[in-house]
Amino acid sequence: MSLVLRNLQRAIPLRRAPLRKKMEIVRNILGVQKFDLGIICVDNKNIQHINRVYRERNIPTDVLSFPFHENLKAGEIPQPDFPDDYNLGDIFLGVEYIFQQCKENEDYYDILTVTATHGLCHLLGFTHSTEAEWQKMYQKEKQVLEELSWRTGTRLQPLSRGLF
């Protein structure tokens with residue numbers, strides 16, 4: 001199915017092709033390439049608005065995920081009954097926030113990929129509210145990013161490292 005990647009911001013120049021290419025590989029690694037996925041890139045103002053409306057946190061953030069299939073167990077692949085249900089949901093990337101948080105030696109597109117992978121793990125039921133949940137999510141992100149790094153010749157680390 002399709003990966004829809006929209007850039008709805010003008011604050012940071014963004015080439016969608018590098019992110020699309022890597023996220024197609026991530027979908028393949030996770031075994032969810034048959035599912036639709038939306039990745040929407042927004043600026044600080046818009047990610048802050050979405051964060052305020054849905055999480056009651058009035059600050060910009062890096063990523064917000066909105067799953068199509070709710071109540072999945074961590075790592076569970078949805079089992080849709082109907083063709084229209086082959087959808088994982090949407091990931092909103094705060095690309096302006098991500099760019100501002102990038103360290104000098106970090107590749108912006110690598111960090112976008114890591115952040116989108118983190119968001120995709122959330123769509124598959126992973127959370128990090130407790131240390132045990134974080135451990136599961138961290139291990140999944142690490143496994144996916146190691147495989148992606150091997151396939152693409154990069155060295156990517158999970159977004160959630162050092163969270164607990």
Side-chain angles (χ1 to χ4, degrees), residues 1-20 22-24 26-27 30 32 35-78 85 87-142 144-145 148 156-164:
M1 298 296 255
S2 68
L3 168 61
V4 176
L5 182 51
R6 300 281 314 270
N7 180 20
L8 302 181
Q9 57 84 46
R10 298 274 175 255
I12 302 297
L14 179 71
R15 291 179 21 249
R16 290 178 293 171
L19 180 59
R20 173 183 300 282
K22 287 185 179 167
M23 288 311 296
E24 289 289 8
V26 168
R27 289 172 68 212
L30 286 167
V32 294
F35 290 84
D36 290 331
L37 172 64
I39 299 177
I40 302 99
C41 300
V42 295
D43 58 19
N44 280 350
K45 184 179 122 205
N46 285 301
I47 199 85
Q48 181 171 340
H49 173 76
I50 297 165
N51 203 15
R52 181 175 61 247
V53 169
Y54 290 97
R55 295 181 62 226
E56 298 179 2
R57 299 200 60 205
N58 192 22
I59 55 172
T61 190
D62 53 356
V63 61
L64 294 170
S65 298
F66 296 91
F68 185 84
H69 300 274
E70 296 182 3
N71 304 317
L72 288 177
K73 291 184 180 81
E76 183 181 356
I77 307 269
D85 292 342
N87 188 340
L88 292 177
D90 295 313
I91 299 167
F92 284 81
L93 292 178
V95 294
E96 183 180 4
Y97 181 88
I98 294 166
F99 182 81
Q100 291 167 344
Q101 300 300 312
C102 261
K103 294 175 181 61
E104 200 173 292
N105 62 337
E106 292 177 322
D107 181 90
Y108 173 60
Y109 290 96
D110 284 350
I111 300 303
L112 283 178
T113 301
V114 168
T115 307
T117 300
H118 181 84
L120 183 49
C121 285
H122 278 303
L123 296 183
L124 295 174
F126 288 95
T127 63
H128 44 72
S129 302
T130 67
E131 188 168 356
E133 290 172 343
W134 166 78
Q135 195 62 246
K136 273 187 194 173
M137 185 167 189
Y138 176 81
Q139 290 305 321
K140 177 51 79 174
E141 282 184 47
K142 187 171 184 283
V144 169
L145 293 172
L148 178 64
L156 305 176
Q157 294 291 318
L159 185 65
S160 59
R161 73 178 182 265
L163 195 61
F164 275 90

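Partners of Y97 under the ring pair (Phe, Tyr, Trp, His ring centres under 6.0 Å) rule, at least two apart in sequence or in another chain, do not exist in this structure. Residues passing the side-chain contact (heavy atoms from CB on, under 4.5 Å) test with K142 are Y138, Q139, E146, P158, sequence neighbours excluded. Residues satisfying the ring pair (Phe, Tyr, Trp, His ring centres under 6.0 Å) criterion with F68, sequence neighbours excluded, are absent altogether. For D90, the side-chain contact (heavy atoms from CB on, under 4.5 Å) partners at least two apart in sequence or on another chain are I40, F92.
With rounding to the nearest 0.5 Å, the separation of SG in C41 from CG in L14 is 5.0 Å. Distance OG1/T127 to CG/L72: 11.5 Å, rounded to 0.5 Å. Put simply, CD on E96 and CG on N46 are 10.0 Å apart, with the number rounded to the nearest 0.5 Å.
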How far apart are the C-alpha atoms of I98 and Y108, what are their side-chain angles, what is the distance that settles it, and do they pass the side chain to side chain contact (heavy atoms under 4.5 Å, CB included) test? CA-CA 8 Å; I98 294 166; Y108 173 60; 4.2 Å; yes
Take L30 and V144 through the side chain to side chain contact (heavy atoms under 4.5 Å, CB included) test and state the conclusion after the steps. CA-CA 7 Å; L30 286 167; V144 169; 3.5 Å; yes
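The list of side-chain hydrogen bond (donor to acceptor under 3.5 Å, both in side chains) pairs with a residue in residues 52-74, not counting sequence neighbours, reads Q48-N58, H49-R52, N51-R55, R52-N58.
Heavy-atom minimum distance, L5 versus R20: CB-NH2, 3.6 Å. Summarising the geometry of L93 relative to I47, their closest heavy-atom pair is C-CD1, 4.3 Å, with the distance given to 0.1 Å. Among all heavy-atom pairs drawn from N44 and Q100, the shortest one is ND2-OE1, 3.0 Å. F66 approaches I50 most closely through the heavy-atom pair CZ-CG2, 3.6 Å. Closest non-hydrogen pair, G89 versus L123, comes out as C-CD1, 4.1 Å.
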Show which side-chain atoms of residues 111-122 pair as donor or acceptor with protein atoms under 3.5 Å away, not counting sequence neighbours.
unit_1 : atom_1 : unit_2 : atom_2 : d
T113   : OG1    : Y109   : O      : 2.9
T115   : OG1    : I111   : O      : 2.7
T117   : OG1    : T113   : O      : 2.8
H118   : ND1    : E141   : OE2    : 2.6
H118   : NE2    : H122   : NE2    : 3.1
H118   : NE2    : H128   : NE2    : 3.3
H122   : ND1    : F126   : O      : 2.8
H122   : NE2    : H128   : NE2    : 3.2

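Residues P78 and L124 have side chains in contact (heavy-atom distance under 4.5 Å, counting atoms from C-beta outward). In this structure, K103 and E106 have side chains that are in contact, with non-hydrogen atoms separated by less than 4.5 Å. With a 4.5 Å cut-off on side-chain heavy atoms, I39 and M23 count as touching. Residues L37 and V4 have side chains not in contact (no heavy-atom distance under 4.5 Å, counting atoms from C-beta outward).
Salt bridge annotation for R27-E24: present, with a cationic side-chain nitrogen under 4.0 angstrom from a carboxylate oxygen.
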